Every structure is written in C-alpha cells, then in structure tokens.
Amino acid sequence: MTRLAPYLAPLLIGFSVIAEAQASSCPAPGQWLDGKGSPVATDVWMRDLADQQVVMLGEQHDRLAHHRWQLQTLAGLHALHPDMVIGLEMLPRKAQPVLDDWVAGDLSEAAFLEASDWSSTWGYDPALYWPILHFARMQGVPLKALNVSAELRQRLVEEGWQAVPAADRFDMTAPAPASPAYRAELADVFAAHDHAAEPDDADLERFIAAQLVWDRAMASGLAEASAEGKLVVGLMGLRHLSDGHGVPHQLDDLGVVEHRSLLPRRLDDACQPPPAGRADGFFILDGRWQED
C-alpha cells in the first residue's frame with residue numbers, strides 16, 4: 001500500500017474534486033428551480049407566481065412534507081397577493097357551503113368533517129390538511145371545492161355531457177380531448193391496475209373520459225375563481241398537472257393562459273435535471289421530511 005500511495009493520491013484528490021463539484025451543482029433543500037431545473041431566487045420566483053391567474057401545487061396526498069411545502073408557498077403568495085382563493089381537489093362542488101362555513105368560523109373541526117363527509121369523500125387523514133384549512137380560516141381566504149361527486153362523474157361519462165342539464169353539471173362545459181401523450185400515460189395507469197386493456201378497449205375509453213371529467217371540473221373551478229381577479233391557488237394530485245396534461249391543458253382550453261404548475265422534488269433526485277416539460281417549477285424538499 002505504501003508503494004502505491006504516490007500513485008493513488010492523485011486519483012483520490014481527483015475523485016474528491018469531482019465529488020465537490022457535483023455537490024456544489026446540486027440544489028439545496030428549500031431551493032426553487034424553474035422548469036428547466038435552474039435555481040431561481042425565492043423572492044423573484046414568488047413575485048412571478050403572484051402575478052399569475054392560477055398557481056397549481058401538486059401533491060402526493062399522503063405525504064406530510066408535500067402539505068408543509070404547500071402551506072409555506074400559500075403563506076408566501078398571500079403576503080404578496082392577499083386577494084386569494086384556495087382551490088381544493090379534496091371536496092366536490094356540493095360541499096361548497098361547508099367550506100364557506102368553515103372559513104367563517106361557524107364549524108368545529110368535528111362538525112366540518114361530518115358536514116363535508118370527509119371520510120367517504122376524500123378519505124385521507126384530515127391531520128394532513130388541518131394546517132392549510134386553519135390558515136384559510138385565520139386569514140379569511142375563501143376555499144373553493146373543485147371536484148365533482150363520483151356519481152356526477154359517472155353520469156357524465158355514461159350519458160354524455162349534452163344529456164346532463166347544465167345546472168346538474170354546475171355549468172361546466174365538455175373537456176378538451178386528451179393529447180396523445182396524455183392518452184398514452186392514462187393507458188399505462190389503466191394497465192397497471194391489472195386491466196390489461198387494449199388501446200381500443202371500451203373500458204379504457206371510459207377510464208380516460210372519467211379522468212377528463214375530473215380534470216375539467218378542477219380547471220373549471222379554478223377558471224371561475226380567477227375570473228374575479230383573484231390569485232387562485234389549486235391543491236391537487238400531482239398527476240393532474242404533470243407534463244402540462246390534465247388541468248393545465250383544460251385551463252388553456254378555457255382561456256386561462258397565465259398559470260403555473262409546481263411540484264415538490266426529492267433531494268436525491270435534485271442533482272438530475274427534471275424531465276423536460278414536467279412542470280413550470282420545483283421545490284427541493286429536505287431529505288429529513290421526505291418519508292413523513
């Protein structure tokens with residue numbers, strides 16, 4: 001080993017330099033990245049977001065770290081644009097009076113869960129969402145139910161949009177068709193659930209149609225709220241906004257072009273550039289919170 005030391009030392013020094021260079025090129029926890037993966041100053045980024053009509057914050061529903069990030073972002077945007085609305089995928093339109101009563105302070109937590117039928121409608125642990133719900137109440141920020149019931153979604157898929165009276169579908173218009181890339185993605189999701197569908201399978205078509213109802217409902221809710229000149233921040237599953245498919249695509253069809261899609265990004269993925277077009281921006285999560 002002693003005889004090899006003069007030869008190994010330069011190699012070890014070289015590896016150390018490479019490791020330091022790679023580490024310095026990796027964003028730190030709490031860093032914002034633009035859609036290409038380049039770091040952007042938080043104050044500059046937040047001002048850009050506050051100037052949009054709609055900002056969408058993607059989540060993995062059961063990840064506490066994602067909801068912590070959402071709350072932090074909501075607080076920052078509210079400081080710049082207090083005239084805000086928070087849109088929620090979690091509840092259907094028929095739950096809007098419950099959200100209004102919650103923000104007004106007329107419901108306890110237990111009463112809110114009962115009145116909204118949270119356990120059946122959404123099902124995820126409400127503790128994940130209480131900080132955001134209490135933020136809205138504390139600041140008097142309106143909450144908007146973006147979703148539709150499973151019954152209405154099924155009715156629109158089976159009967160068709162024209163067969164369902166406008167009042168029954170909350171005046172929502174039919175969705176724009178899915179792009180070929182989105183259809184392929186949804187086909188993969190469908191197949192992953194052991195359906196083993198062929199591309200022309202009627203069950204696959206119904207699955208895609210149901211996803212489009214879901215996307216259109218949320219886009220319609222966001223568009224309605226943005227028409228009042230407010231900054232609308234929507235909270236939804238990351239699949240509904242990734243790659244510009246889903247809700248962003250439907251917003252474009254509705255004429256809402258000033259929107260941004262944001263996703264949390266794991267620290268161990270952050271040294272690699274994000275897939276092109278995946279989102280308009282990313283927030284790097286601290287590794288200590290990634291598995292909450």
Side-chain angles (χ1 to χ4, degrees), residues 24-61 63-89 131-132 135 141 146 179 181-182 185 215 218-219 221-223 225-226 230-252 254 256-287 289-290:
S24 64
S25 67
C26 297
Q31 174 72 64
W32 282 100
L33 309 179
D34 64 17
K36 296 180 180 179
S38 300
V40 56
T42 299
D43 58 339
V44 173
W45 187 241
M46 296 300 285
R47 284 196 295 270
D48 174 77
L49 296 177
D51 286 338
Q52 303 302 312
Q53 293 174 274
V54 173
V55 174
M56 290 164 282
L57 306 180
E59 65 178 54
Q60 197 167 333
H61 302 311
R63 289 294 177 88
L64 177 58
H66 291 192
H67 301 295
R68 286 173 172 152
W69 160 67
Q70 289 174 328
L71 178 58
Q72 173 183 307
T73 305
L74 286 166
L77 291 174
H78 184 262
L80 295 171
H81 199 311
D83 196 12
M84 174 193 285
V85 174
I86 300 173
L88 302 175
E89 176 193 2
I132 292 172
F135 169 81
V141 176
L146 299 178
S179 67
Y182 193 32
E185 177 185 315
D215 294 334
M218 289 194 282
L222 295 170
S226 71
K230 299 178 181 293
L231 171 63
V232 186
V233 184
L235 311 183
M236 64 192 67
L238 52 84
R239 188 180 297 279
H240 288 288
L241 54 82
S242 295
D243 301 306
H245 304 319
V247 178
H249 178 61
Q250 298 299 329
L251 282 173
D252 288 338
L254 290 166
V256 179
V257 296
E258 295 178 0
H259 56 76
R260 294 283 187 272
S261 300
L262 309 176
L263 294 174
R265 189 164 174 81
R266 292 173 58 93
L267 184 62
D268 53 2
D269 294 332
C271 291
Q272 302 297 322
R278 177 59 49 86
D280 298 310
F282 303 89
F283 182 83
I284 306 304
L285 292 176
D286 189 323
W289 306 115
Q290 287 174 7

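None of the values given here were measured: they were computed from a predicted structure.
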Closest approach of [X] and [Y], non-hydrogen atoms and distance?
| X | Y | value |
| --- | --- | --- |
| Pro29 | Asp286 | CB-CA, 3.7 Å |
| Val54 | Ser226 | CG2-CB, 4.1 Å |
| Leu235 | Glu59 | CB-OE1, 4.2 Å |
| Gly35 | Pro274 | O-CG, 3.8 Å |
| Leu262 | Leu49 | CD1-CD1, 3.6 Å |
| Ile284 | Ala28 | CB-O, 3.6 Å |

Verdict with supporting geometry, His81 and Asp51, side-chain hydrogen bond (donor to acceptor under 3.5 Å, both in side chains): CA-CA 8 Å; His81 199 311; Asp51 286 338; over 6 Å; no
Test salt bridge (Lys or Arg N to Asp or Glu O under 4.0 Å) applied to Asp48 - qualifying residues, sequence neighbours left out: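 Scan of Asp48 (salt bridge (Lys or Arg N to Asp or Glu O under 4.0 Å), adjacent residues dropped) gives Arg260.
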All salt bridge (Lys or Arg N to Asp or Glu O under 4.0 Å) counterparts of Glu185, not counting sequence neighbours: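 Glu185 satisfies salt bridge (Lys or Arg N to Asp or Glu O under 4.0 Å) with Arg239 only.
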Quick one: does any side-chain atom of [X] pair with a main-chain N or O of [Y] as donor and acceptor, under 3.5 Å?
| X | Y | result |
| --- | --- | --- |
| Ser242 | Leu238 | yes |
| Glu89 | Gly237 | yes |
| Asp83 | Lys230 | no |

Aromatic plane relationship, Tyr182 with His245 - under 30° parallel, 30 to 60° tilted, over 60° perpendicular: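 Ring orientation, 0 to 90° scale: parallel.
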Trp69 and Phe283 aromatic ring geometry - parallel, tilted or perpendicular at 30°/60° bounds: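 Aromatic pair Phe283/Trp69 classed parallel.
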Mind checking the [atom1]-[atom2] spacing from [X] to [Y]? Nearest 0.5 Å is all I need.
| X | Y | atom1 | atom2 | result |
| --- | --- | --- | --- | --- |
| Arg63 | Gln70 | CZ | CD | 13.5 Å |
| Leu71 | Arg68 | CG | CZ | 10.5 Å |
| Leu74 | Ile132 | CG | CD1 | 6.0 Å |
| Thr73 | Trp32 | OG1 | CH2 | 4.0 Å |

Qualifying residues under ring pair (Phe, Tyr, Trp, His ring centres under 6.0 Å), relative to His67, sequence neighbours excluded: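 His67 satisfies ring pair (Phe, Tyr, Trp, His ring centres under 6.0 Å) with Tyr129 once adjacent residues are dropped.
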His259 and Val232: CA distance, side-chain angles, deciding distance, side chain to side chain contact (heavy atoms under 4.5 Å, CB included) verdict: CA-CA 9 Å; His259 56 76; Val232 186; over 6 Å; no
Steps toward side chain to side chain contact (heavy atoms under 4.5 Å, CB included) verdict (Leu64, His66): CA-CA 5 Å; Leu64 177 58; His66 291 192; over 6 Å; no
Any side-chain heavy-atom pair of Arg278 and Leu263 under 4.5 Å: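 Result yes, sub-4.5 Å side-chain heavy-atom pair found.
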CA sep, side-chain torsions, deciding dist, call: Met46, Leu77, side chain to side chain contact (heavy atoms under 4.5 Å, CB included): CA-CA 7 Å; Met46 296 300 285; Leu77 291 174; 3.7 Å; yes
Steps toward side chain to side chain contact (heavy atoms under 4.5 Å, CB included) verdict (Met236, Leu222): CA-CA 11 Å; Met236 64 192 67; Leu222 295 170; 4.0 Å; yes
